[in-house]
Amino acid sequence: MWLSLASAVLLAPTVLCHSYFNPILPGWHSDPTCAHVPEQGTTFCVTSTFIAYPGLPVYASRDLQSWKLASNAFNRPTQIPDLWNTTGQQGGIYAPTLRYRHGTFYLIVSFLGPETKGLLFTTTDPYRDSAWSDPLVFEVQGIDPDIFWDDDGTVYVTSANSGATSGNHIVQYSLDLSTGETGPLHYLWNGTGGASPEGPHMFRKDDYYYLMIAEGGTELGHSEMMARSRNRTGPWEAYPRNPLLTNRNTTQYFQTVGHADLFQDGSGHWWAVALSTRSGPAWKNYPMGRETVLAPAVWEEGEWPAIHPVRGEMRGPLPPRDRNISVGEGSWIDQPDRIDFIPGSSIPAHFVYWRYPNVDDFVVSPQGHPNTLQLTPSFYNLTGTAAFQPNDSLTLITRRQTDTLFTYSVDISFDPKTADEEAGVTVFLTQDQHIDLGIVLSENQTDRVFRFRAQGHGNYDGLLPKQTIPVPTTWQSIRLEIQAVNDTTYAFASAPSHNPNQWSVIGYADTRIVSGGTGPFTGSPVGAYTTTNGGSGSTPAYLSRWRYEGQGQKIDYDWIVPSDVA
Ligand SMILES: *[C@@H]1O[C@H](CO)[C@@H](O)[C@H](O)[C@H]1NC(C)=O
Ligand SMILES: *[C@@H]1O[C@H](CO)[C@@H](O)[C@H](O)[C@H]1NC(C)=O
Ligand SMILES: *[C@@H]1O[C@H](CO)[C@@H](O)[C@H](O)[C@H]1NC(C)=O
Ligand SMILES: *[C@@H]1O[C@H](CO)[C@@H](O)[C@H](O)[C@H]1NC(C)=O
Ligand SMILES: *[C@@H]1O[C@H](CO)[C@@H](O)[C@H](O)[C@H]1NC(C)=O
Ligand SMILES: *[C@@H]1O[C@H](CO)[C@@H](O)[C@H](O)[C@H]1NC(C)=O
Ligand SMILES: *[C@@H]1O[C@H](CO)[C@@H](O)[C@H](O)[C@H]1NC(C)=O
Ligand SMILES: *[C@@H]1O[C@H](CO)[C@@H](O)[C@H](O)[C@H]1NC(C)=O
Ligand SMILES: *[C@@H]1O[C@H](CO)[C@@H](O)[C@H](O)[C@H]1NC(C)=O
């Protein structure tokens with residue numbers, strides 16, 4: 001049994017092992033890629049963001065347990081004008097590869113917009129958004145590009161080319177970093193026969209070229225395979241004990257493990273990161289989508305690597321605890337939100353929009369409204385209509401759900417004037433799948449009502465929630481709250497801001513509504529929105545006292561750990 005052999009090596013008494021919990025990047029963080037920077041004693045990881053903006057979050061860690069948002073590599077529309085025209089809910093930025101070489105970070109991705117383009121971003125300062133370059137645009141073959149330097153310094157891109165009829169295969173071509181010109185195409189490998197060979201990464205070690213790829217699709221059959229060759233273009237010898245990493249055909253709570261990357265830390269220990277879904281093989285209830293997990297690996301000279309299978313609790317030779325990162329644009333991933341939109345502050349770096357926002361619709365502490373975020377409504381609601389265009393910016397502002405159990409709340413001051421003007425809170429997977437609690441002006445234009453409803457049903461086949469009840473006339477500012485009361489249920493509640501003890505639950509919704517369906521690659525953030533629902537209104541809403549707090553991470557059936565032990 002190679003697994004127990006690998007475990008025995010990994011847990012050898014000479015190596016000091018500490019326990020830690022997966023996922024290391026909780027919430028929607030798919031397709032992780034990491035680079036360790038020895039001179040900074042820091043590891044950086046980036047994940048896919050599809051059409052969310054800002055995108056390509058760069059997380060930094062000195063201990064592989066605490067992760068801080070250093071920057072968003074994609075942080076201004078001039079970097080990717082095509083996002084204005086990207087229609088699909090699961091289009092945009094696909095799996096990146098991050099590498100560090102001679103002081104520069106290289107981040108390479110495919111962008112699936114009106115056409116598919118390769119983009120290469122660079123920086124020498126990963127802690128500042130503005131230091132990330134505009135991308136070098138190149139002709140990419142398919143998705144999931146890897147960037148690799150051969151011994152002679154030539155740069156190669158390896159990607160998963162999806163032929164129109166023949167399925168994916170792994171191809172490679174050179175890339176000129178000054179012009180973006182690409183060289184001739186080499187077919188490298190088609191994997192071991194599983195579906196969707198993709199997510200390739202190339203490594204050079206002990207005079208071998210190692211090619212690691214994901215196989216089986218990003219669902220329950222997901223797995224990671226490896227092959228090696230003395231030559232860069234093959235022929236390839238597959239690892240005899242493939243898959244290198246998978247949880248397929250197990251009953252583990254962590255499923256869909258695959259799309260891995262490997263890096264070596266400052267002490268010489270190898271680690272794998274991969275994506276995983278906390279769902280068990282039932283695979284129905286996973287509002288956070290695909291998250292990033294970490295697993296210790298061993299990679300002896302001349303040998304194949306071995307990676308410890310992914311579990312919720314893991315042991316490995318972690319660096320000592322170290323949260324000493326004072327720089328960066330964002331906060332620690334496990335830090336609660338206590339955001340008061342104080343005058344002069346900016347919108348936090350971990351907040352995300354769905355495609356580009358109209359920046360004028362989101363104003364921090366405007367004249368006469370200190371300590372608020374003024375939201376000007378979008379014409380379209382979160383779903384939109386058939387006439388909706390990708391450049392019709394939604395007034396929607398969110399943060400990822402990063403905890404199985406959490407409470408999110410925000411105070412909304414909203415005095416609608418026109419029928420169907422709406423401001424509220426949402427759990428939002430895609431425009432076709434979201435659960436909303438809105439404050440709406442009723443048809444007769446005299447009273448505000450709470451309207452609780454869901455769009456789409458994802459993996460849920462029960463009755464969708466639907467509720468309309470009057471807002472008490474004495475309530476001015478209103479606190480709306482979304483709480484994951486357990487791993488399958490959100491409770492939506494309201495209270496007057498001046499008397500938050502006067503809670504009432506307006507309705508419950510099943511988390512499967514925002515799992516799967518039209519958002520198989522993404523995960524659900526929570527946040528606030530305003531819209532005229534296609535009407536003529538323009539009444540702004542004022543948000544204040546934005547709070548998000550994690551209250552538990554489910555890491556196995558019947559095992560929930562506190563959110564802040566990570
Ligand atoms: C993209 O959208 C912009 C403006 O929204 C428009 O000017 C441009 O023609 C569009 N490009 C494509 C390729 O659709
Ligand atoms: C890999 O797949 C491609 C596309 O289907 C095919 O042209 C090629 O012959 C395959 N190569 C091998 C070695 O199977
Ligand atoms: C193993 O998993 C794959 C992918 O989910 C599935 O197709 C296959 O039937 C499973 N095999 C067994 C023996 O469960
Ligand atoms: C590998 O490449 C070398 C030159 O770098 C060449 O001599 C050799 O024939 C190649 N081997 C195979 C199996 O292609
Ligand atoms: C924290 O990091 C800073 C900057 O790298 C360094 O100057 C300082 O000595 C560190 N402090 C500790 C307690 O490690
Ligand atoms: C949005 O894009 C469409 C189609 O490209 C274009 O006709 C329209 O003018 C654009 N709207 C804005 C506000 O840029
Ligand atoms: C207006 O509509 C609300 C909600 O439907 C209802 O509660 C209220 O009685 C109506 N008021 C009048 C004056 O019709
Ligand atoms: C989750 O909470 C809801 C609402 O309180 C309750 O109806 C449901 O039974 C709970 N489910 C589980 C699995 O505890
Ligand atoms: C969105 O707005 C359209 C009209 O603009 C309406 O038909 C639809 O019911 C609304 N849907 C949601 C979920 O808000």
Side-chain angles (χ1 to χ4, degrees), residues 37-44 51 53 60-63 65-66 68 70 77-78 80-88 91 113-115 125-128 253 266 278-280 282 284-287 319-328 332 353-361 376-380 384-395 401 403-407 427 431 435 437 452 454 459-460 462-465 467 481-493 503-515 532 534 538 551-552 554 556-560:
V37 178
E39 56 268 38
Q40 295 178 19
T42 306
T43 303
F44 296 88
I51 62 171
Y53 174 82
S61 179
R62 299 174 60 82
D63 60 11
Q65 297 155 83
S66 317
K68 188 181 192 188
T78 49
I80 312 184
D82 280 355
L83 183 57
W84 288 113
N85 310 63
T86 300
T87 48
E115 52 196 293
D125 181 359
Y127 293 107
R128 275 193 306 129
Y253 182 56
R278 285 186 276 173
S279 63
K284 289 284 186 210
N285 162 33
Y286 46 90
R321 280 286 193 180
D322 184 347
R323 277 208 183 217
N324 185 20
I325 302 177
S326 56
V327 284
W332 298 93
Y353 306 95
W354 204 238
R355 302 193 190 85
Y356 291 130
N358 177 2
V359 290
D360 297 338
D361 292 345
T376 301
S378 45
F379 175 80
Y380 291 102
T385 65
F388 179 86
Q389 295 286 318
N391 59 356
D392 285 313
S393 306
L394 293 175
T395 304
Q401 175 184 343
D403 304 84
T404 314
L405 305 181
F406 71 90
T407 301
V427 187
Q431 286 183 255
I435 311 164
L437 172 58
F452 179 49
N459 290 338
Y460 181 66
L463 214 55
L464 288 179
Q467 181 77 265
E481 180 186 274
I482 305 172
Q483 184 176 21
V485 293
N486 54 41
D487 71 320
T488 55
T489 310
Y490 298 117
F492 285 72
W503 278 115
S504 64
V505 172
I506 290 174
Y508 295 93
D510 196 294
T511 59
R512 286 172 293 184
I513 297 168
V514 285
S515 303
T532 67
S538 59
Q551 285 148 345
K554 186 165 173 177
D556 207 341
Y557 309 105
D558 305 320
W559 191 6
I560 291 178

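Whatever order the structure lists them in is the order used to number ligands and atoms, beginning at 1. All values below come from the heavy atoms of this structure, side chains included, with hydrogens, waters and symmetry mates left out. The model shown is predicted, which means the values in this text are computed figures rather than measured ones.
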Flag: protein heavy atom within less than 4.0 Å of atom 11 (N) of ligand 8: yes
message: For Phe44 and Tyr127, I'd like to know if the aromatic rings sit close, meaning centre-to-centre distance below 6.0 Å.
response: yes
- request: Answer yes if the side chains of Ser515 and Asn285 hold a donor-acceptor pair under 3.5 Å, and no otherwise.
  value: no
- prompt: At what distance is the nearest protein heavy atom to atom 3 (C) of ligand 8, and which residue and atom is it?
  reply: Asn486 ND2, 3.5 Å
task: Classify the ring geometry between Tyr53 and Tyr356 as parallel (under 30°), tilted (30 to 60°) or perpendicular (over 60°).
output: perpendicular
- prompt: Relative to the heavy atoms of Val485, which atoms of ligand 8 are at a distance of less than 4.0 Å?
  reply: 2 (O)
query: Under 4.5 Å between any side-chain heavy atoms of Tyr490 and Pro287, yes or no?
result: yes
field: Under-4.0 Å heavy-atom contact between protein and atom 14 (O) of ligand 8
entry: yes
field: Heavy-atom closest contact (Thr395 atom, Asp361 atom, distance)
entry: OG1-OD2, 3.6 Å
message: Quick test of your reading of the structure: of Asp392, Asn85, Asn358, whose heavy atom lies closest to atom 5 (O) of ligand 6?
response: Asn85
query: Under 4.0 angstrom from atom 7 (O) of ligand 5, is there any protein heavy atom?
result: no
task: Tell me which protein heavy atom sits closest to atom 9 (O) of ligand 5, plus the residue, atom name and distance to 0.1 Å.
output: Asn324 ND2, 4.7 Å
- line: The closest protein heavy-atom partner of atom 4 (C) of ligand 8 is Tyr508 CE2, 3.8 Å
query: How many angstroms lie between atom OH of Tyr253 and atom CG of Asp556, to the nearest 0.5 angstrom?
result: 8.5 Å
query: Can you check whether Gln389 has an N/O within less than 3.5 Å of an N/O in ligand 6?
result: no
Reference residue Trp84; test side-chain contact (heavy atoms from CB on, under 4.5 Å); the match among Pro77, Pro390, Pro114: Pro77
